[in-house]
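Chain letters run A, B, ... following the sequence lines, proteins first and then strands; every chain starts at 1.
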Amino acid sequence: MKIKVKFFAALHDATGRRELNLQAQEGLTAGELYRDLCARFPRLADYGGGLMHSVNAEYVSPDHPLRDGDEVAFIPPVSGGTHAH
Amino acid sequence: MKIKVKFFAALHDATGRRELNLQAQEGLTAGELYRDLCARFPRLADYGGGLMHSVNAEYVSPDHPLRDGDEVAFIPPVSGGTHAH
Amino acid sequence: MLIRITADPLDPQPLVEHVRRDESGAVVLFLGVVRNTNLGRRVLHLEYDAYPQMAEKELRQVAEEVISRWPISDIAIAHRTGRLEIGETSLIVAVSSPHRQEAFEACQHVVNRIKEVVPIWKKEVWEGGESWIEGEGQTTRQPQ
Amino acid sequence: MLIRITADPLDPQPLVEHVRRDESGAVVLFLGVVRNTNLGRRVLHLEYDAYPQMAEKELRQVAEEVISRWPISDIAIAHRTGRLEIGETSLIVAVSSPHRQEAFEACQHVVNRIKEVVPIWKKEVWEGGESWIEGEGQTTRQPQ
């Protein structure tokens, strides 16, 4: 199945990419995809702890199974809004 | 001595005036001036309860003695700011 | 600090520019706008009267009190007078601070204090009548 | 409701116009602005990155949650992305309500929630370095 992965912020810096299209085997979960990507982009592994997973712009748990055409992103701790905390 | 009196909001409606210049005897207090004005503008007496007194744009007590050239105003309960309370 | 009593329409942007500093992380703005009902009555328009010199002095005191009490950068207050239609802005308060919590608290405090001490009055005009408003919602005794 | 993620400079006035209703008596606005220091470090500029579709969806959920919880009229949220200089506005939240207290509370809640759930990130650039910020002030581990 075809999966699109998006990288933002620190993960964009770590991979040098904004987007990646790949072929994955049926039944792969979001968390498994992340581990596979760490093999390809070793610097990604530095961020594992605080990441959330999203599929088609919704937060999901790491064991969420992916489906053909899904858009997956790994969400580092957010820091938008204001500069005044 | 010369005194200038200013009327705002409901007191403007009650007197039909914005401003009044008058001669007063030395030693007259702000509160006494108000009572004198009630004789001249009977509708003023309706507002006595909630009024504050000001002299030269500062809140004063009713027994504050007036001096030549003072600007006096009687301040109904304020309601500025917003329409959302 | 910017304090202004004016009969002209109010625009928030100049107040934001006035209070913002390079150390500011937050600007909180309050806009009081004229709404179409009050105490269950349909309001047609409002009229604000002010004692301008004294109102500016009192607004300045409110601003100084707040600046001494919260770690904020600056305050701007603009109050409009005269006839205002539904939806028009009667009051803008802008507060800037390095951190956002203080700006919210200080802005709320300014708005509350304005309704207590600043010599500005509003008259509500509705169908068939009108009344000067006292404090937060009571109407004045209406002289015959 | 107005939700916008944009690389263009933010202007408060359209948000005020968007949220104001004839029953609104209060509009509270929050502006997040880029300040020149953070954690004792002199900041040169910021860069905001966002996952736009997801950020808009999450902002919409935050707004809906707040509308269901406070008696407010409407909410508008605009977040800027890309490079922002000191003093530029990164976020505007506008909330309108018949009464002012609710508008203050709801606006504060929106600002807090944005920092928790909305996929937008800021990178601080200072002399000699830069770092993506996590949450309210922690810096990310810096990969070699």
Side-chain angles (χ1 to χ4, degrees), chain C residues 9-17 19-39 42-46 73 84-112 114-115 122 136-137, chain D residues 9-17 19-39 42-46 73 84-112 114-115 122 136-137:
Chain C
L10 302 183
D11 176 11
Q13 192 60 45
L15 279 77
V16 174
E17 294 309 321
V19 298
R20 202 200 54 73
R21 299 284 181 286
D22 282 355
E23 78 270 14
S24 307
V27 178
V28 172
L29 277 170
F30 175 86
L31 288 82
V33 293
V34 179
R35 57 164 194 218
N36 62 2
T37 57
N38 193 32
L39 304 170
R42 180 145 208 93
V43 175
L44 298 179
H45 69 266
L46 293 189
S73 306
L84 274 78
E85 308 299 329
I86 307 300
E88 288 196 290
T89 301
S90 57
L91 168 69
I92 303 183
V93 177
V95 177
S96 64
S97 63
H99 302 279
R100 66 182 187 273
Q101 188 60 35
E102 295 85 344
F104 274 111
E105 286 177 17
C107 186
Q108 257 180 301
H109 186 80
V110 170
V111 177
N112 292 342
I114 287 174
K115 303 185 78 74
K122 67 166 172 273
E136 301 227 8
Chain D
L10 302 183
D11 176 12
Q13 193 59 45
L15 280 77
V16 173
E17 295 310 320
V19 298
R20 203 199 56 73
R21 299 284 181 283
D22 282 355
E23 78 270 13
S24 307
V27 178
V28 171
L29 277 170
F30 176 85
L31 289 82
V33 293
V34 179
R35 59 166 192 217
N36 61 4
T37 58
N38 194 31
L39 304 170
R42 180 145 210 93
V43 175
L44 298 179
H45 68 267
L46 294 189
S73 306
L84 274 77
E85 307 298 329
I86 307 300
E88 289 196 289
T89 301
S90 56
L91 168 69
I92 303 183
V93 177
V95 177
S96 65
S97 64
H99 302 279
R100 67 182 187 274
Q101 187 60 35
E102 294 85 344
F104 274 110
E105 286 176 16
C107 185
Q108 257 180 300
H109 186 79
V110 170
V111 176
N112 292 342
I114 286 174
K115 302 185 80 74
K122 67 166 172 275
E136 301 227 6

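Of the atoms belonging to Val16(D), it is side-chain heavy atoms, and not backbone ones, that fall under 4.5 Å from chain C.
Across Gln108(C), Gln101(C), Arg100(C), a single residue satisfies side chain to side chain donor-acceptor pair (under 3.5 Å) together with Gln108(D), and that is Gln101(C). Just one of Leu29(D), Leu31(D), Thr89(D) meets the side-chain contact (heavy atoms from CB on, under 4.5 Å) condition when paired with Val27(C); it is Leu31(D).
When the side chain to side chain donor-acceptor pair (under 3.5 Å) test is applied to Glu23(D), no partner is found at least two apart in sequence or on another chain.
The aromatic rings of Phe104(D) and Phe104(C) stand perpendicular to each other, their planes meeting at an angle above 60°, with 30° marking the opposite boundary.
Considering CZ of Arg20(D) and CZ of Arg35(C), their distance stands at 13.0 Å, rounded to 0.5 Å.
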